[in-house]
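Comments concern the structure below.
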Amino acid sequence: MITLILIALAGLAGQLVDGGLGMGFGVTSTTILIMLAGLGPAQASAVVHTAELGTTLVSGISHWKFGNVDWRTVAAIGIPGAVGAFAGATVLSHLSTDAAKPIMSLILTAIGINLVYRFSRGLIRRQLAATPHSTPFLGGLGLFGGFIDATGGGGWGPVTTSTLLSAGRSEPRRIVGTVNTAEFFVTAAATAGFVLGMWDDLVNHFSAVLALLLGGVIAAPLAAWLVTRLNPILLGGIVGTLIVVLNLPVVLKVLGVSATVLVAVRVAVLVVGVALSILGWKRHRENWRVANEKENVEDSSPTPAPTATA
């Protein structure tokens, strides 16, 4: 019962993060499931992806109704993403727990560092690039994101959404809606891989799937409210920092690093991560101020007089 409560709390925390950032449910939930609920890496990823089947389907339909989906990009990124996710789930299903845990922790650490780096920049794009992404680029990004998502228990959003947002070739709402819609296919493929590779484990942990869903459902309304109150730049940096704090020591421990050094590493990562998160928040505010001032100047510029014609 205590384990199921912890899993429900993982779903709640994951949904709060995802509601504030538009990404992070899988990464946050998987980290908590491994660290607090004691699930193995493969079991945690299988539970998360099975639970996400419902959430990604509803999310995709919602974005489609609001006109946030570019179906060409969904196909270009979602199909390779599904292939990568199935391959990742198959690989993870056949790894022993002892071998899989440091590998997953390494992937989660890399995702956390990526989040801290991207959100520390505090960038804002008002102007969109003139040309769309090429199909090979989207296919490669989807394949990599899908593989990381399955083997890391999450990471589709941090890898794909953050990359496309940084490129600035489409409206943010279209990027989030398109990536979330494509995630359903990625999640379905990953779940299929886990079903084929570890059906018995998935059946035995089906109560964990329900607990994770319950926590996410409870948190959904609160997340929708919090997203209007929290600064996503600051939240993203702090979440990335905590993911690194929890997973980097697991990797270093395998390399023989002493317990004393691991404590120092945790403290150092926490201090640096929080500092970068605050820096990103300040940069975000400054960028918004400069962008708004530039727009106000352009709006107040006098309209050129029409040229007289004979």
ask   = So, do V251 and N247 sit near enough that their side-chain heavy atoms are less than 4.5 Å apart?
value = no
query = Hey, quick one: are L214 and L16 part of the same hydrophobic cluster, counting side-chain heavy atoms closer than 4.5 Å, chains of contacts allowed?
reply = yes
ask   = For the atom pair CG (L12) and CG (L6), what is the distance rounded to the nearest 0.5 Å?
value = 12.5 Å
task = Measure across G237 and S277 and return the closest heavy-atom pair with its distance rounded to 0.1 Å.
result = C-OG, 2.9 Å
task = Is it possible for you to say whether W156 and V17 belong to one hydrophobic cluster, with membership spreading through side-chain heavy-atom contacts below 4.5 Å?
result = yes
message = Working to the nearest 0.5 angstrom, can you tell me the gap between T90 OG1 and L95 CG?
response = 11.0 Å
task = Assess whether side chain to side chain contact (heavy atoms under 4.5 Å, CB included) is satisfied between Q43 and M198, documenting all intermediate values.
result = CA-CA 8 Å; Q43 289 81 10; M198 44 185 299; 4.0 Å; yes
key: Min side-chain heavy-atom separation L141-L164 under 4.5 Å   = yes
key: H284 side chain to G280 backbone, donor-acceptor under 3.5 Å   = no
task = Report yes or no: do H49 and S45 form a side-chain donor-acceptor pair below 3.5 Å?
result = yes
inquiry  = To the nearest 0.5 Å, what is the distance between CD1 on I113 and OH on Y117?
reply    = 13.0 Å
ask   = According to a 4.5 Å side-chain heavy-atom criterion applied to Ile, Leu, Val, Met, Phe, Trp and Tyr, with indirect links allowed, do F144 and V83 form part of one hydrophobic cluster?
value = no
inquiry  = Using 0.5 Å steps for rounding, measure from the OG1 atom of T73 to the CD1 atom of I175.
reply    = 9.0 Å
ask   = Hey, are the side chains of K101 and V250 touching, using non-hydrogen atoms and a 4.5 Å cut-off?
value = yes
request  = For the residue pair F137 and H133, categorise the inter-ring angle as parallel (less than 30°), tilted (30 to 60°) or perpendicular (more than 60°).
outcome  = parallel
ask   = How many angstroms lie between atom CG of L252 and atom CZ of R266, to the nearest 0.5 angstrom?
value = 9.5 Å
ask   = Taking the hydrophobic residues Ile, Leu, Val, Met, Phe, Trp and Tyr, and joining any pair whose side-chain heavy atoms are under 4.5 Å apart, which ones share a cluster with V272?
value = V116, L276, L279
ask   = Can you tell me if R173 and N68 form a side-chain donor-acceptor pair at under 3.5 Å?
value = yes
key: Pairwise side-chain contact, L138 with R72, heavy-atom cut-off 4.5 Å (strictly under)   = yes
query = So, do E52 and E183 sit near enough that their side-chain heavy atoms are less than 4.5 Å apart?
reply = yes
key: Heavy-atom closest pair, residues S162 and N114   = OG-ND2, 3.8 Å
ask   = If you take all heavy atoms of N180 and S59, which pair is closest and at what distance?
value = ND2-OG, 3.5 Å
request  = Using a strict cut-off of less than 4.0 Å between a Lys/Arg side-chain nitrogen and an Asp/Glu carboxylate oxygen, indicate whether R283 and E286 qualify as a salt bridge.
outcome  = no
message = Looking at every heavy atom in both V245 and P249, which two are closest together, and how far apart are they?
response = O-CD, 3.1 Å
message = Quick check for you: to the nearest 0.5 Å, what is the distance between I107 atom CD1 and M104 atom CE?
response = 7.0 Å
note = Cluster membership besides F86, Ile/Leu/Val/Met/Phe/Trp/Tyr side chains within less than 4.5 angstrom, sorted by chain and number, is L196
ask   = Is there a side-chain contact between R174 and S170 (heavy atoms, below 4.5 Å)?
value = yes
inquiry  = Give me the atom names and distance for the closest heavy-atom approach of P158 to I111.
reply    = CB-CG2, 3.7 Å
request  = Would you please test V159 and D149 for side chain to side chain contact (heavy atoms under 4.5 Å, CB included) and show each step?
outcome  = CA-CA 9 Å; V159 170; D149 187 75; over 6 Å; no
key: F185 reachable from F147 in the ILVMFWY side-chain graph, under 4.5 Å edges   = no
inquiry  = In the structure I gave you, are the side-chain heavy atoms of L246 and I32 within less than 4.5 Å of one another anywhere?
reply    = no
task = Examine distances only and state if a side-chain atom of S93 and a backbone atom of G197 form a donor-acceptor pair shorter than 3.5 Å.
result = no
query = Taking all atoms of both residues into account, what is the closest heavy-atom pair of A182 and G78, and its distance?
reply = CB-CA, 3.9 Å
ask   = Are K282 and I278 close enough that some pair of their side-chain heavy atoms sits under 4.5 Å apart?
value = yes
ask   = Are L108 and L92 linked, directly or through other ILVMFWY residues, by side chains that come within less than 4.5 angstrom of each other?
value = yes
ask   = With ILVMFWY side chains joined below 4.5 Å, transitively, what does V195's cluster contain besides itself?
value = W199, L202, V203
request  = May I have the step-by-step check of side chain to side chain contact (heavy atoms under 4.5 Å, CB included) for T181 and W71, ending in yes or no?
outcome  = CA-CA 9 Å; T181 302; W71 288 105; 3.9 Å; yes
CG (L255) with more than 12 external heavy atoms under 6.0 Å = yes
task = Please answer whether the main-chain N or O of L248 pairs with a side-chain N or O of T109 as donor and acceptor at a distance below 3.5 Å.
result = yes
